[in-house]
2 protein chains.
Amino acid sequence: MLLRNQVEWALHCCAVMVGMPAERFLATKVLAEFHEVPKEYLSKALQSLSQAGIIEGTLGPNGGYRLAKAPSEITFLDVVEAVEGRTSSFACTEIRRNNPCRPTRMRDPKPCAVARVMWEADAAWRKTLRGVRLSDLAKTLESDIPAELAAKNTEWLLARS
Amino acid sequence: MLLRNQVEWALHCCAVMVGMPAERFLATKVLAEFHEVPKEYLSKALQSLSQAGIIEGTLGPNGGYRLAKAPSEITFLDVVEAVEGRTSSFACTEIRRNNPCRPTRMRDPKPCAVARVMWEADAAWRKTLRGVRLSDLAKTLESDIPAELAAKNTEWLLARS
DNA sequence: CGGTTACGGATACTTCGTATCCTTAAACCA
DNA sequence: TGGTTTAAGGATACGAAGTATCCGTAACCG
């Protein structure tokens, strides 16, 4: 049970975009070089974010992506679900119905007890991710990364977009 | 990001074993037929549970598996981790080190901010699973499943083990 | 001794994530 | 206007991991 590496890429791209001046676009090529990941494949992740309304893209020279909303309006869950999907990590196959002792016409008022627990855990996972916004991440990074490096990053990225 | 179907099987097998009289073993073949899943493959999941000390197996006729501990001493997390593993759902590849602006010799006092959030969510997931014991599941099933059917199940399973 | 079972290794099959390529359409620029 | 740059998205190949089966071995029982 492992998340796609695109999830990591998408989150780091968002982290980078938070630090950009508003209205500035970052090209896929530049984001790919900055993170040293394959451009074409990263593009798929960014397309997912775009479709989800998290970022917006524009064409032509100086084109690329930027955040489509305020960083305080974008949660980790938004990003994760955009690339990983919204389906639970646990898929209930209703194995209980295979029980040979079970009357054929028996109905199930409630979902399977095992699935209920697993879905509850999945909900807790999502709740945690929903509780952290991109603005929170920006603040954390501010204390994690030296201001000098942050400035360099911004300069490097904007110079090529 | 989907859990193995063996996780579902393992949990349902545990649910069945909770209802058995102590010291009685259930054969893999019988558990497989009861759930209509491939016997050889289910066997792998049960082996994982056995190695984790959750169930214990014995050889020969009338052999099979039974719980190795009291149901109150076995959590969902124990079962899930036994078959799915203990590694986090998020793998941090330290993508931040690929940053071309970054000084080569720079050290990271803390783990990546993105990873910290993702791991926190993973911890919340595991915490929920750790909070539910097999004895809780048994109690839930008691109210979910008609006593009549539960008795039939036990009879069916023991008659073939 | 012969049959039954857990156990574990080896091996295919299938699905899905990873990655690349190519075409199209839109935006910009000369 | 025409050429360049970029996102968008379809098609395809590759590899890893999950799924599934088969076989040989060792232990247990009648």
Side-chain angles (χ1 to χ4, degrees), chain A residues 1-10 13 17 23-33 35-66 68 80 82-85 87 89-91 93 95 157 160-161, chain B residues 1-10 13 17 23-33 35-66 68 80 82-85 87 89-91 93 95 157 160-161:
Chain A
M1 219 239 329
L2 220 59
L3 290 163
R4 298 182 164 94
N5 57 12
Q6 292 195 144
V7 170
E8 184 183 18
W9 302 355
C13 284
M17 290 192 223
E23 312 200 351
R24 287 298 304 264
F25 292 92
L26 292 182
T28 304
K29 186 188 173 192
V30 177
L31 285 167
E33 286 172 359
H35 293 119
E36 288 185 20
V37 297
K39 176 201 159 201
E40 306 277 357
Y41 192 36
L42 172 65
S43 169
K44 304 295 183 186
L46 296 174
Q47 283 175 39
S48 298
L49 294 182
S50 177
Q51 284 183 327
I54 296 168
I55 62 179
E56 56 187 1
T58 188
L59 305 206
N62 301 324
Y65 292 102
R66 68 181 176 198
V80 170
V83 9
E84 189 67 38
T87 64
S89 57
F90 181 80
T93 65
I95 215 182
L157 289 158
R160 301 153 200 261
S161 289
Chain B
M1 220 243 327
L2 221 59
L3 290 163
R4 298 185 165 92
N5 56 15
Q6 292 194 143
V7 171
E8 185 183 17
W9 301 355
C13 284
M17 290 192 222
E23 313 201 349
R24 287 297 305 263
F25 292 91
L26 292 182
T28 305
K29 185 186 174 191
V30 176
L31 285 167
E33 286 173 358
H35 293 117
E36 287 184 20
V37 297
K39 175 202 161 202
E40 306 278 356
Y41 192 35
L42 173 64
S43 169
K44 304 295 183 188
L46 296 175
Q47 284 175 39
S48 298
L49 294 182
S50 177
Q51 284 183 326
I54 295 168
I55 62 179
E56 55 187 2
T58 189
L59 283 317
N62 299 324
Y65 292 102
R66 69 182 175 197
V80 170
V83 8
E84 188 68 37
T87 64
S89 56
F90 180 80
T93 66
I95 213 182
L157 289 158
R160 298 152 203 261
S161 289

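Residue numbers begin at 1 in each chain, while the letters A, B, ... track the order of the sequences. Any value given below was found using the heavy atoms of this structure, including those in side chains, with hydrogens, waters and symmetry copies removed. These figures come from a predicted structure and were not determined experimentally.
- We find that CG of A:L3 is positioned 15 Å from P of D:dA17, with the value rounded to whole Å.
- Nearer the 5' end of DNA chain C, as judged by each residue's closest nucleotide, is the contact made by A:Y41, out of A:T58 and A:Y41.
- Within the nucleic acid shown, B:E84 has no heavy atom closer than 4.0 Å to any nucleic acid atom.
- The separation between A:L31 atom CG and D:dT6 atom C1' is 13 Å, rounded to whole Å.
- OP1 or OP2 of C:dA6 has at least one side-chain nitrogen or oxygen of B:T28 nearer than 4.0 Å.
- Between the P atom of D:dT4 and the CG atom of A:L59 lies a distance of 17 Å, rounded to the nearest Å.
- When the C1' atom of C:dG17 is taken as reference, atom CE of B:M1 falls 14 Å away, rounded to whole Å.
- Using a distance-only test at 3.5 Å, with no hydrogens or angles considered, a donor-acceptor pair links the side chain of B:E8 to the main chain of A:T93.
- You'll find a donor-acceptor pair under 3.5 Å spanning the side chain of B:K44 and the base of C:dG9, going by distance alone.
- For B:E56 and D:dC28, the CD to P distance is 13 Å, given to the nearest whole Å.
- At the phosphate of D:dA20, neither OP1 nor OP2 sits under 4.0 Å from any side-chain N or O atom of B:Q6.
- Between the P atom of D:dA16 and the CZ atom of B:R4 lies a distance of 16 Å, rounded to the nearest Å.
- Distances shorter than 4.0 Å separate some side-chain N or O of B:Q47 from OP1 or OP2 on C:dG8.
- At the phosphate of D:dT19, OP1 or OP2 sits under 4.0 Å from a side-chain N or O atom of B:N5.
- Mapped onto DNA chain C by nearest heavy atom, B:G60 and A:P38 fall at different nucleotides, with B:G60 at the one closer to the 5' end.
- Ion pairing of A:E84 with A:R4 is present here, as a side-chain N (NZ or NE/NH1/NH2) and a carboxylate O approach within less than 4.0 Å.
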